[in-house]
Chemist: 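Take this structure first; my questions come after.
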Protein chains: 2
Amino acid sequence: MAQQSHQLDGIFQALADPTRRAVLGRLGQGPASISDLAKPFDMALPSFMKHIHSLEGSGLIQTRKEGRVRTCAIDKQRFATIETWLSDQRALWEGRTDRLEQFVLKTQDKETQK
Amino acid sequence: MAQQSHQLDGIFQALADPTRRAVLGRLGQGPASISDLAKPFDMALPSFMKHIHSLEGSGLIQTRKEGRVRTCAIDKQRFATIETWLSDQRALWEGRTDRLEQFVLKTQDKETQK
DNA sequence: CTGATACTTAGCTTTATGGCTCAGCAATCA
DNA sequence: TGATTGCTGAGCCATAAAGCTAAGTATCAG
């Protein structure tokens with residue numbers, strides 16, 4: 001494990017914004033141009049472009065320009081990076097579902113009921 | 001669907017920092033106190049506390065104070081929120097891995113306008 | 001009661017983020 | 001050719017993030 005932490009920084013940072021997640025949602029249904037993607041958002045185009053750059057920089061989408069139109073498409077592979085991190089994380093918990101944790105969890109219940 | 005976008009903001013934002021991910025890694029092995037968690041990091045305690053607050057605010061960890069020691073534990077449930085988002089996202093792609101997408105990819109530049 | 005420990009609060013600085021406008025440039029269209 | 005479309009680049013502004021120090025509070029150990 002110990003995958004590039006820096007890569008995860010960018011990915012999670014990109015996902016931490018509702019506009020960018022909405023764009024991913026839209027691109028999940030198929031590629032689209034910048035201006036098509038921008039339409040639903042009440043935002044100037046240069047501002048919107050920053051979101052696109054964030055998504056592209058993190059590798060969550062890829063873009064290419066044909067003529068004057070830039071088409072964006074989701075890059076599904078990057079999502080695997082997230083899943084890998086999640087499952088690494090789970091592996092930690094599950095490799096160690098032991099008495100210590102149970103002990104603390106129960107003590108915690110006692111506290112919570114105040 | 002349409003889970004609280006605001007919740008995802010906080011979760012992804014919290015995950016977008018290597019210190020905070022490292023803390024989660026440590027907590028995956030069991031609960032720990034603030035100062036134990038802080039030890040590996042070359043950072044003043046108040047700075048470290050901000051990371052803890054970020055994690056707690058996003059719901060990824062829970063903390064409780066006993067005497068003068070605050071103990072932190074991971075909250076596994078919040079991770080399900082991420083998985084849900086991921087699988088919603090995948091559902092979009094997979095619900096529509098069809099000729100349309102291929103078609104659009106190839107003919108985009110001519111056919112974008114209806 | 002005193003001192004050490006374990007945070008906690010307040011406030012400051014620097015940098016990053018997310019928005020804007022204005023201006024430009026290349027590709028299409030009339 | 002000239003206008004329109006679809007970005008793109010430069011640069012400004014306000015707010016948030018991530019670090020710091022200094023000082024405060026509350027346990028706990030003697």
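Predicted, not measured: the structure shown is a model, and the values here were computed from it. First the proteins, then the strands, lettered A, B, ... as listed; each starts at 1.
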Chemist: Send over the distance from A:Arg64 CZ to D:dT8 P, rounded to a whole Å.
Modeler: 14 Å
Chemist: Go through the structure and list residues passing side chain to side chain contact (heavy atoms under 4.5 Å, CB included) with A:Ser47, not counting sequence neighbours.
Modeler: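 Here the qualifying residues are A:Met43, A:Ala44.
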Chemist: Rounded to the nearest Å, what distance is computed from the CD1 atom of residue A:Ile34 to the P atom of nucleotide C:dA26?
Modeler: 18 Å
Chemist: How many Å lie between CE on A:Met49 and C1' on D:dT5, as a whole number?
Modeler: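 It works out to 14 Å between those atoms.
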Chemist: Nearest whole Å is fine: how far is D:dT8 C1' from A:His53 NE2?
Modeler: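 Distance check: A:His53 NE2 to D:dT8 C1' gives 8 Å.
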Chemist: Keeping to residues at least two apart or across chains, list the ring-ring contact (aromatic ring centres under 6.0 Å, His included) pairs with something in residues 51-83 of chain B.
Modeler: A:Trp93-B:Phe79
Chemist: I need the CD-P distance between B:Glu56 and C:dC7, as an integer number of Å.
Modeler: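 About 13 Å, once rounded to whole Å.
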Chemist: Without decimals, in angstroms, what is the distance between B:Arg70 CZ and D:dA26 P?
Modeler: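 Whole-Å distance recorded here is 14 Å.
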Chemist: At under 4.0 Å, does any side-chain N or O of B:Lys65 touch on OP1 or OP2 of D:dA26?
Modeler: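 Looking at the OP1 and OP2 atoms of D:dA26, neither is under 4.0 Å from any side-chain N or O of B:Lys65.
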Chemist: So if I define the base as every atom that isn't primed, P, OP1 or OP2, how would nucleotides 16-23 of chain D read as a B/S/- string at a heavy-atom cutoff under 4.0 Å?
Modeler: --BBBBB-
Chemist: Can you measure B:Phe41 atom CZ to C:dC7 atom C1' for me and round it to whole angstrom units?
Modeler: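 These atoms are roughly 17 Å apart.
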Chemist: If the condition is side chain to side chain contact (heavy atoms under 4.5 Å, CB included), which residues does A:Glu83 pass it with, not counting sequence neighbours?
Modeler: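 Listed in chain order: B:Glu83, B:Leu86, B:Arg90.
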Chemist: With sequence neighbours excluded, what pairs up with A:Arg70 under the side chain to side chain contact (heavy atoms under 4.5 Å, CB included) test?
Modeler: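 Expected list: A:Ile34, A:Thr63, A:Lys65.
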Chemist: Using modelled atom types and a 3.5 Å cut-off, is there a donor and acceptor pairing between side-chain atoms of A:Gln89 and backbone atoms of B:Leu24?
Modeler: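 Present.
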Chemist: Using the ring-ring contact (aromatic ring centres under 6.0 Å, His included) rule, collect all pairs that involve residues 17-37 of chain A, keeping only residues at least two apart or in two chains.
Modeler: none
Chemist: B:Asp36: what forms a side chain to side chain contact (heavy atoms under 4.5 Å, CB included) with it, not counting sequence neighbours?
Modeler: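 Partners of B:Asp36 under the side chain to side chain contact (heavy atoms under 4.5 Å, CB included) test: B:Ala32, B:Ser33, B:Lys39.
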Chemist: Run the salt bridge (charged side-chain N to carboxylate O under 4.0 Å, His left out) test against B:Arg26 and tell me which residues pass, sequence neighbours left out.
Modeler: none
Chemist: Protein-nucleotides 28-30 of chain C N/O pairs closer than 3.5 Å?
Modeler:
from: C:dT28; atom 1: O4'; to: A:Arg68; atom 2: NH2; distance (Å): 3.2

Chemist: In this structure, how many angstroms lie between the P atom of C:dA16 and the CG atom of A:Asp9, rounded?
Modeler: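 Interatomic distance, CG of A:Asp9 to P of C:dA16: 13 Å.
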Chemist: Is B:Arg78 reaching over with its side chain to a backbone N or O of B:Ser58, donor-acceptor style, under 3.5 angstrom?
Modeler: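 Present.
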